[in-house]
Amino acid sequence: RAKRRGGGTVETYDESLREAVLRHLELERALRTGLDAGEGLGVAYQPIVDPATGACRGVEALARWASPGLGPVGPDEFIPVAERSALILRLGEEVLARSYAAANRWRQLVPDFTVAVNVSPRQLQQPDFATRLADLARRSGAPVAAVHLEVTEGLVLQEDEAVEDNLNRLRALGVRLSLDDFGTGWSSLARLRTLALDRLKVDRSFIGDEVVLRACVELGRALGIDVVAEGVEEPAQAQVLQRLGYPLAQGYLFGRPVPEEEVTLLLLARQRV
Ligand code: C2E
Ligand code: MG
Ligand code: MG
Ligand code: MG
């Protein structure tokens, strides 16, 4: 296939493939340099709220990255690059460490405050993942349970001994588990039960589908777990969630991902009312 670009040049499939490979290599090199130098990686935190009141119940940590040469790059682009190499282990550990440290500070204001952190399958395949996490928690001063982990259906489907082992150890440590982007993968309901999940996060592509939203909140009730609706952008969507009895919601309507200090200000403002 060939696609025409402005300027009258014809770009062949091979060329765009080559461009994609070069971009991947460029990103990987820049990520590695940045991590080595301790530069470029940031973490933004997005509120997870009660849709009935808008009260912030916790936040989700979202990795941010910019390099001097490439500028800001979105996680949908750099996370897959990191995942193709061992860089995701360093990046993931850094996000976890910062999330525990921030959770410890926020807990001075709101004692039960929690931070949800996304983890990649590769991280959970490390035999010592649970030990390392407990170590990060201890160094931060926050309890291990101050962080929740968000996993995806891809991981849930794997039957990997190291992963199973980590999930059992994490549960024993009191770390709660959320299933992210629920509804987009292929996990069976039976598997959801055996995993003993604590929370389902309904993928944001379903925010406009009341039938799916209702089914998910009922599934959550039947399994005795929390359900979060992702991607709430409009007041009408929040009203639907309230009517359906959603305990938790997340989306630009309630708050965008922001730096740590902005979450702190939000919590301070709440204390004064
Ligand atoms: P996710 O875990 O499902 O995170 C939610 C994504 O939805 C975030 O995108 C967030 O900014 C976006 N979002 C939140 N509310 C709304 C809304 O109302 N409308 C729309 N259109 N989008 C909304 P972001 O930050 O670009 O992250 C994309 C994905 O990258 C995440 O999806 C997660 O899978 C991955 N990711 C981000 N940080 C990390 C990390 O530290 N580790 C790992 N392994 N993955 C990460
Ligand atoms: Mg997530
Ligand atoms: Mg999600
Ligand atoms: Mg996602």
Side-chain angles (χ1 to χ4, degrees), residues 27 31 34-35 40-49 51 54 56 58-66 72-103 114-126 129 133 136 147-156 163 176-185 187 197-208 216 226-238 240-241 246 248-260 262-263:
L27 278 172
L31 263 177
L35 286 169
L41 183 69
V43 182
Y45 302 90
Q46 184 179 32
I48 298 176
V49 308
C56 181
V59 291
E60 176 176 7
L62 295 159
R64 295 290 177 263
W65 186 67
V73 180
D76 283 331
E77 196 179 4
F78 72 76
I79 293 288
V81 171
E83 281 177 335
R84 294 276 303 258
S85 73
L87 291 173
I88 193 63
L89 302 180
R90 294 170 61 190
L91 190 155
E93 187 143 318
E94 187 63 35
V95 173
L96 257 182
R98 292 194 199 185
S99 295
Y100 266 116
T114 56
V115 181
V117 178
N118 296 284
V119 284
S120 295
R122 245 181 125 130
Q123 290 178 269
L124 282 157
Q125 283 162 0
Q126 298 173 100
F129 178 78
L133 177 134
L136 292 175
V147 159
H148 291 197
L149 298 180
E150 296 196 0
V151 301
T152 53
E153 287 179 86
L155 177 103
V156 163
V163 172
R176 280 170 282 174
L177 282 186
S178 303
L179 185 58
D180 207 351
D181 306 339
F182 179 63
T184 58
S187 48
L197 292 164
D198 302 279
R199 184 178 277 187
L200 287 181
K201 298 190 77 174
V202 181
D203 191 74
R204 72 166 182 264
S205 58
F206 301 116
I207 194 61
C216 290
D226 275 349
V227 181
V228 187
E230 293 190 276
V232 187
E233 293 181 355
E234 291 159 22
Q237 296 166 342
V240 171
L241 299 177
Y246 266 77
L248 295 168
Q250 188 178 347
Y252 295 163
L253 176 71
F254 299 112
R256 291 189 173 254
V258 292
E260 180 185 338
E262 279 190 51
V263 175

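Values reported hereafter were calculated over all heavy atoms of this structure, with side chains retained and with hydrogens, waters and symmetry mates removed. Counting convention: from 1, in listed order, for ligands and their atoms alike.
Residue-level proximity to ligand 1 for Val117 is absent, since no heavy atom of it falls below 4.0 angstrom. Within the 4.0 Å heavy-atom criterion, both parts of Asn118, backbone and side chain, lie near ligand 1. Residue contacts with ligand 1, taken as heavy atom pairs separated by less than 4.0 Å, involve Asp180 solely via side-chain atoms from C-beta onward.
Of the angles at the Mg ion (ligand 2), the one spanning OD1 of Asn118 and OE2 of Glu60 is 90° when given to 10°.
Considering backbone and side-chain atoms together, Ser120 places an N or O closer than 3.5 Å to an N or O of ligand 1.
Residue Glu230 does not count as close to the Mg ion (ligand 2), with no N, O or S atom under 2.8 Å. For the Mg ion (ligand 3), the N/O/S atoms of Asp203 include none lying under 2.8 Å. Note on Ser178: not counted as a metal contact of the Mg ion (ligand 2), no N/O/S atom lying under 2.8 Å.
Counting the atoms of ligand 1 from 1 in the order shown, those under 4.0 Å from a heavy atom of Pro257 are 11 (O). Close contacts between ligand 1 and Leu62 involve ligand atoms 4 (O), 8 (C), 10 (C), 11 (O), 25 (O), 37 (C), 38 (N) [criterion: under 4.0 Å to a heavy atom]. With ligand atoms numbered from 1 in the order given, ligand 1 contributes 3 (O), 5 (C) to contacts under 4.0 Å with heavy atoms of Glu230.
The N, O or S atom of Asp180 lying closest to the Mg ion (ligand 3) is OD1. Of all the N, O or S atoms in Glu150, the one closest to the Mg ion (ligand 2) is OE1. Asp181 contributes OD1 as its N, O or S atom closest to the Mg ion (ligand 3).
The closest heavy-atom contact to atom 26 (O) of ligand 1, among the options Pro75, Ala63, Ala249, Gly74, comes from Pro75. Atom 12 (C) of ligand 1 has its nearest heavy-atom neighbour, among Gln250, Arg204, Arg256, in Arg204.
With hydrogens and angles disregarded, no donor-acceptor distance shorter than 3.5 Å links the side chain of Glu93 to the backbone of Arg90. In this structure a side-chain-to-backbone donor-acceptor pair under 3.5 Å is missing from Glu77 to Gly74. Proximity of a side-chain donor or acceptor of Ser120 to a complementary backbone N or O of Arg122 within less than 3.5 Å is not detected. For the pair Gln125 (side chain) and Val163 (backbone), a donor-acceptor distance under 3.5 Å is absent.
Nearest heavy atoms, Ala116 versus Ile48: CB-CD1, 4.5 Å.
Annotation: side chain of Leu133 is in contact with side chain of Leu149 (closest heavy-atom distance under 4.5 Å).
For the pair Lys201 and ligand 1, no heavy-atom separation below 4.0 Å is found.
Tested against Gln46, the residues Arg256, Gln250, Glu60, Glu230 include a single side-chain hydrogen bond (donor to acceptor under 3.5 Å, both in side chains) partner, Gln250.
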